[in-house]
Protein chains: 4
Amino acid sequence: MPGPPNRRRAGRPRSARADRAILAAAREALAELGWSGLALGDVAARAGVAKTTLYRRWAGKNELAVDALAALFDEQLELPDCGSLEADIGGAVLRFAVLLDRPETRTALMAVVAEAGQDEALRLRIREALVDRQKKLVRLGRERAQRRGEMPPDEGVPDPALDDLIFDVVAGAVVHRMTVSSGTVDPAWAARLARLLVHGLAHEHAR
Amino acid sequence: MPGPPNRRRAGRPRSARADRAILAAAREALAELGWSGLALGDVAARAGVAKTTLYRRWAGKNELAVDALAALFDEQLELPDCGSLEADIGGAVLRFAVLLDRPETRTALMAVVAEAGQDEALRLRIREALVDRQKKLVRLGRERAQRRGEMPPDEGVPDPALDDLIFDVVAGAVVHRMTVSSGTVDPAWAARLARLLVHGLAHEHAR
Amino acid sequence: MPGPPNRRRAGRPRSARADRAILAAAREALAELGWSGLALGDVAARAGVAKTTLYRRWAGKNELAVDALAALFDEQLELPDCGSLEADIGGAVLRFAVLLDRPETRTALMAVVAEAGQDEALRLRIREALVDRQKKLVRLGRERAQRRGEMPPDEGVPDPALDDLIFDVVAGAVVHRMTVSSGTVDPAWAARLARLLVHGLAHEHAR
Amino acid sequence: MPGPPNRRRAGRPRSARADRAILAAAREALAELGWSGLALGDVAARAGVAKTTLYRRWAGKNELAVDALAALFDEQLELPDCGSLEADIGGAVLRFAVLLDRPETRTALMAVVAEAGQDEALRLRIREALVDRQKKLVRLGRERAQRRGEMPPDEGVPDPALDDLIFDVVAGAVVHRMTVSSGTVDPAWAARLARLLVHGLAHEHAR
DNA sequence: AGTTAAACGAGACGGTACGTCTTGTCTTAGG
DNA sequence: CCTAAGACAAGACGTACCGTCTCGTTTAACT
């Protein structure tokens with residue numbers, strides 16, 4: 001028996017208020033100062049918390065930012081039911097664009113991805129906390145379209161690689177336009193992207 | 001006229017070797033240490049140059065990185081002629097993936113984009129040095145496809161917004177897959193993306 | 001009388017083992033790490049005791065160190081009877097030197113004296129626990145010498161200032177040599193100091 | 001040829017103003033806050049200097065304090081000529097007492113000596129900068145007394161061990177009285193110590 | 001051939017954030 | 001009420017880079 005699961009750890013328990021205050025302060029500071037201006041001592045001070053308390057929970061800027069991002073993504077992203085696959089995709093694109101319009105989101109996402117280039121653990125954390133959690137939107141959209149008869153049902157084996165492609169195309173196009181190209185995502189652009197995707201996918205099944 | 005074009009500035013001219021050595025050292029250090037590990041003092045030391053010499057040419061990490069990236073993009077990216085639009089797109093995707101496989105490229109691109117979130121001048125520099133220069137590949141591909149008869153010729157007004165969409169979809173999907181999703185770009189994935197795009201575009205003109 | 005002696009305080013009584021363990025751990029840590037390396041959290045851990053338990057008994061590093069020192073001084077210092085005043089002084093000097101040879105004693109004594117420079121209460125505690133308790137050795141030595149006829153008996157009023165001078169000269173010379181001058185105290189040095197003092201004192205009474 | 005001795009080191013030379021400002025600020029802060037309150041960041045700020053500038057010159061609190069003390073000792077300590085050996089000693093004792101009456105001197109001296117218990121290099125620095133430099137006062141006093149005929153001239157070999165003993169007795173008695181015993185050094189006490197020493201030394205040569 | 005003026009290397013400078021450490025208090029649960 | 005465990009606020013530690021500066025030296029172009 002490895003130990004009773006209800007076994008309380010000794011000593012004073014960690015404050016849940018501190019966790020929330022730190023994540024909120026991190027988002028606030030990020031929005032104001034940008035990534036390179038983000039100082040963990042400042043985040044701690046905004047949160048009304050000592051630096052030790054912050055470092056007890058997160059190893060550094062990167063880990064903290066991924067968790068702050070994941071909380072935002074989880075609460076903001078969803079797939080609206082707009083009646084058709086094309087409209088659903090357009091709606092999801094617009095929601096994502098709203099989220100990326102916040103300067104802290106855009107900046108933090110790019111920065112942690114940049115740091116992840118040298119940091120395998122961070123790469124894993126990003127995939128688990130951001131990518132894999134949001135891929136459920138693609139699965140949900142596909143299943144909804146299949147129920148509506150817009151897409152054929154899975155024949156035998158499902159094709160997760162197709163879901164991955166769709167995820168990277170949609171998310172990638174939005175992120176690239178808003179960050180690299182310094183463009184804007186408006187309803188017209190979202191609709192055009194959705195149409196491109198839906199018609200491209202139609203041939204995918206007819207091959 | 002303020003001065004003749006052959007007007008040489010007085011004093012010792014700037015060393016061209018220093019420029020090249022600094023850019024090379026920056027790429028090397030970036031590949032080894034990642035963005036946050038990149039220290040300009042270290043770059044200068046690797047280049048065998050004083051910090052002053054570096055700062056005389058670039059204002060900071062961001063500007064230096066954009067220039068290092070632009071040089072790489074210019075010399076590496078091109079649109080191979082593979083006989084069909086779909087094959088051309090697949091080929092370009094694979095070339096871009098090879099470039100992004102270099103750790104310094106991936107890291108630097110994401111990092112400068114992150115910093116640009118708070119820095120309008122940097123955003124402009126990125127658009128001029130990276131985005132606008134590479135959009136010529138899309139224009140070239142479209143014109144080649146039109147000559148082949150794979151796409152209808154422009155009717156009256158051209159549609160630059162469509163070129164932009166294509167650029168963001170292709171580049172965005174590749175970048176997103178290789179950085180955010182931590183996935184790999186192989187010939188099969190490239191081909192599938194190209195097919196999706198070509199078929200999606202076919203309907204774009206038939207609307 | 002503030003309370004009946006058999007009055008038990010409510011609740012769990014304090015552990016006497018803890019007191020001893022803490023003092024011993026403090027001496028050990030001091031010998032290993034020196035004053036600035038002495039951390040009360042570490043002392044508590046070595047003593048197998050919680051920090052709370054330590055702080056309930058001592059207000060801080062200084063008070064703890066003074067008590068640890070006082071216990072050592074009380075058990076180690078005495079005036080051996082070597083037959084003559086000069087030999088007695090030499091013997092006491094050597095005993096004191098042995099005590100100061102322990103790194104924790106030397107370090108702690110100097111450190112608490114340094115801290116006492118800004119702390120009146122600590123100064124008082126040092127005088128009571130260390131200085132006044134050990135001045136009895138000077139009184140004892142003088143009385144023994146008077147019994148032997150080596151010194152004249154007190155005429156009318158005693159002269160405590162002379163005892164104080166002797167105390168500061170003997171203790172000061174040993175401490176200064178072993179700490180400030182980084183010298184060693186061997187039997188020859190001790191004998192020379194004793195002779196200097198005895199002959200100097202002879203004239204003191206003949207003035 | 002290993003290099004001309006007047007060869008200028010490359011780069012910007014160190015500021016002499018900074019050295020002086022730091023030592024002065026250290027003495028000031030020490031007097032105000034005591035040893036444990038002395039923070040090097042604060043010293044740097046008072047000196048109008050960056051922390052790096054301070055750390056470039058001194059390895060830590062201890063080294064800085066020894067140098068600050070040595071400067072004080074050098075400028076304050078001397079052997080006044082009062083006409084007789086006994087009066088000279090009394091005068092020197094009073095001068096030393098004035099110096100140790102400054103809270104920063106007393107505190108810093110004790111503190112660095114405490115730290116030196118664990119630090120061989122610091123012990124050496126103290127001996128060189130403080131002890132050996134001030135022992136010249138003992139030599140000077142002896143030579144002056146020999147010229148006056150108060151002490152016999154050196155017969156054959158000199159006796160540096162006697163100078164050392166005198167130094168430790170005088171300095172030790174003053175330091176011990178003012179720090180450990182919390183006593184005061186007034187002219188009467190100084191005169192009594194001087195008399196004790198002179199008469200004790202008389203027998204030293206008559207043995 | 002000498003003069004001139006900027007570029008160059010070296011490295012010190014004032015600043016700022018880092019992540020760690022220690023202090024003394026507080027909050028749990030258990031004895 | 002004491003105890004062990006450990007989280008907490010506060011703040012100094014010594015390090016690393018930043019971007020600027022101040023030196024003395026080098027180098028090409030212009031007299």
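Labels below follow one simple rule: chain letters A, B, ... track the order of the sequence lines, proteins then strands, and each chain is numbered from 1.
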To the nearest angstrom, the CG-P distance between A/L64 and E/dC18 comes to 11 Å
Are any of the side-chain nitrogens in A/R123 or A/D119 under 4.0 Å away from the carboxylate oxygens of its partner?
no
Nearest-nucleotide 5' precedence on DNA chain E, D/A18 against C/S36:
D/A18
Is there a donor N/O on one and an acceptor N/O on the other, under 3.5 Å, for the side chain of B/R12 and the base of E/dC8?
no
Closest of F/dA12, E/dA17, F/dT3 to the A/A39 side chain is E/dA17
Nearest nucleotide by nearest heavy atom, which residue falls closer to the 5' end of DNA chain F, D/G60 or A/A50?
A/A50
Taking only the side-chain heavy atoms of D/V49 (C-beta and beyond), determine which of E/dG14, E/dA7, F/dA9 contains the nearest atom.
E/dG14
Of all the choices, F/dG14, E/dC13, F/dA4, which nucleotide is nearest to the side chain of D/L40 once you look at every atom?
F/dG14
Just how far, in rounded Å, is P of E/dT25 from CZ of C/R57?
16 Å
So does A/R56 get a side-chain nitrogen or oxygen closer than 4.0 Å to the phosphate oxygens (OP1/OP2) of F/dC8?
yes
Checking all strands, does B/T52 fall into the base, sugar-phosphate, or nothing category for heavy-atom contacts under 4.0 angstrom?
base
Which heavy-atom pair separates D/A108 from D/W35 by the least distance, and what is that distance?
CA-CE3, 4.3 Å
Please state how far atom CG in A/L54 lies from atom P in E/dC21, giving the value in whole angstrom units.
16 Å
Of B/K61 and C/T53, whose closest DNA chain F nucleotide lies nearer the 5' terminus?
C/T53
Whole-Å distance, A/N62 CG to E/dC18 P, equals 12 Å
Taking atom P of F/dA4 as reference, at what distance in whole Å does atom CZ of C/R46 sit?
17 Å
Do the charged groups of A/D19 and A/R57 touch, with an N to O distance under 4.0 Å?
yes
Of the candidates F/dA7, E/dT25, F/dG19, the side chain of B/Y55 sits closest to F/dG19
Would you say that B/L40 contacts B/K51 through its side chain, given a criterion of any heavy-atom pair below 4.5 Å between the two side chains?
no
Could you give the CG-to-P distance, from A/D42 to E/dT16, as a whole number of Å?
13 Å
Phosphate oxygens OP1/OP2 of E/dA7: is one of them under 4.0 Å from a side-chain N or O of B/R14?
yes
Mind calculating the distance between NZ (B/K51) and P (F/dT22) to the nearest angstrom?
15 Å
Any side-chain heavy-atom pair from D/L64 and D/L38 closer than 4.5 angstrom?
no
Starting at the 5' end of DNA chain E, which residue's closest nucleotide do you reach first, D/D19 or A/G37?
D/D19
Interatomic distance where CH2 belongs to D/W58 and P belongs to F/dC13 [whole Å]:
16 Å
